[in-house]
Amino acid sequence: MKIAFFSTHGFEREVFDRFNARSGHHIHYLTPHLGEDTASLAHGFECVCVFVNDVLNERVIASLAAGGTRLIATRSAGFNHIDLDAARQHNIAVVRVPAYSPYAVAEHAVALILTLNRKTHRAFNRVREGNFALDGLLGFDLQGKTIGVIGTGRIGGVFARIMLGFGCRVLASDLNPDAALRDSGVLYLPLDEVLAQSDIVSLHCPLMPATHYLINAATLERMKPGAMLINTSRGGLIDTRAVIEALKSGHLGYLGLDVYEEEADLFFEDLSGQVLQDDVFARLLTFPNVLITGHQAFFTREALSAIALTTLDNITEFAATGDAKNCVRAK
Ligand code: NAI
């Protein structure tokens, strides 16, 4: 198929080219995001390949359809950036990569926890400057602490098992509890109970209307004073302004983010020479107990290979049959 590949990052090209040698698609790499201003670049391409910060709203999808696009292939598990109803109305199929490496994301959530707790990022700088003082580096044992996992699908399930391995008590909230996790010792409780009892809360549910601002002023209030909040899922799960207030009051003890609700204008680019325009994000950066990474939780060699392989296989299957097992359909 002829593929317009939007939001191309240097790290993706090599791996897609390597796997495409056996798939034989014609890939046209583009650096801009897909959005209303750039949708015309896809005209004449049967397939557009997109990533999490591309915008595929009604107007963009209508433009893609007018240009002859029949397939949207997202290089992600999440598909909240795609208007599925509009895609169906315009007869465009949507395929995704349902699972590539749940370990990559779960392990990154653990990295955020360990760094925030033991402050290895600060110790690294101190030791290099000959400062071996320990003041300000005090952490806590994870063993015996209570961890709340919101969403125990592929990633949340791996994360829960890792935390069980640390000797933690693991609580979870999910609409569909996982029997095997329960057998392993995970205790399912209503969301409010999980928030109230947990020393660390980690978000692993998808972003959708029902989960938008799942963490807000009211739910933050229910969390234990001094608790740690980790989000490697999607920025829109958290009301950032409410979190800033909770950090200022000291009620929230630590915040670890790999995603941010307005990340589309920031992440995946080198903006180090520019003035930061997002005042909310700038405020977050001032807290000593906040650690932010730029949507890199998925970023392992294993995950990149699996993303490229599955995306190309999705496109090949759709080209051959007009359908694919990884199609996402509007409910
Ligand atoms: P999954 O579909 O396997 O699991 C999601 C779980 O959340 C399911 O068990 C579902 O029942 C549960 N859930 C849905 N609504 C809920 C609610 N209101 N409360 C509690 N649980 C709820 O998804 P997977 O693969 O584990 O991915 C989770 C999320 O991680 C994705 O939606 C995506 O947004 C994010 N992600 C982030 C990445 C990163 O690089 N930071 C990379 C990959 C995924």
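Just follow the structure's listing: the first ligand is 1, and inside any ligand the first atom is 1.
The ligand atoms of ligand 1 that sit less than 4.0 angstrom from a heavy atom of Asn176 are 11 (O). Set against the non-hydrogen atoms of His204, the atoms of ligand 1 under 4.0 Å away are 5 (C), 28 (C). Less than 4.0 angstrom separates some heavy atom of Cys205 from each of these atoms of ligand 1: 7 (O), 13 (N), 16 (C), 21 (N), 22 (C). Close contacts between ligand 1 and Asp258 involve ligand atoms 39 (C), 40 (O), 41 (N) [criterion: under 4.0 Å to a heavy atom].
With distances taken over non-hydrogen atoms, the option nearest atom 32 (O) of ligand 1 out of Gly157, Pro206, Ala104 is Pro206. The heavy atom nearest to atom 33 (C) of ligand 1, considering only Arg154, Arg234, His295, His108, is found in Arg234. Of all the listed residues (Thr232, Val105, Leu257), Thr232 holds the heavy atom that lies closest to atom 37 (C) of ligand 1. Taking all heavy atoms of Ser233, Gly294, Ala172, Ser173 into account, the minimum distance to atom 30 (O) of ligand 1 is reached by Ser233.
Tyr103 OH: 12 or fewer foreign heavy atoms inside a 6.0 Å radius. The environment of CG in Leu138 is sparse: at most 12 heavy-atom neighbours from other residues, nucleotides or ligands sit within 6.0 Å.
The nearest protein atom to atom 27 (O) of ligand 1, hydrogens excluded, is given as Ile155 CD1, 3.3 Å; this is a heavy-atom distance. In terms of protein heavy-atom proximity, atom 4 (O) of ligand 1 is nearest to Gly153 CA, 3.2 Å. Shortest contact from atom 15 (N) of ligand 1 to any protein heavy atom: Met208 CE, 3.2 Å. Among all non-hydrogen protein atoms, the one lying nearest atom 9 (O) of ligand 1 is Asp174 OD2, 2.7 Å. Taking atom 43 (C) of ligand 1 as the reference point, the nearest protein heavy-atom neighbour is Tyr100 OH, 2.9 Å.
For the pair Thr211 and ligand 1, the shortest N or O to N or O distance does not fall below 3.5 Å. Looking at Phe298 next to ligand 1, an N or O pair under 3.5 Å apart turns up.
Between Phe16 and Tyr29, the ring center distance fails the sub-6.0 Å criterion. His9 has its ring centre less than 6.0 Å from the ring centre of Phe268.
In this structure, Arg75 fails the cation-pi test against Phe298, since its NZ or CZ atom is not both closer than 6.0 Å to the six-membered ring centre and inside 45 degrees of the ring normal. Annotation: cation-pi pair Arg283/Phe287 present, NZ/CZ under 6.0 Å from the ring centroid and within 45° of its normal.
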Legend entry - Verdict with supporting geometry, Val194 and Ile150, side chain to side chain contact (heavy atoms under 4.5 Å, CB included): CA-CA 8 Å; Val194 174; Ile150 314 301; 3.9 Å; yes

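The structure places OG of Ser233 at 7.0 Å from CD1 of Ile155, a figure rounded to the nearest 0.5 Å.
In the model, Tyr100 has no side-chain atom that pairs as donor or acceptor with a side-chain atom of Glu302 under 3.5 Å.
Remark: Glu14 engages Arg18 in a salt bridge, criterion side-chain N to carboxylate O under 4.0 Å.
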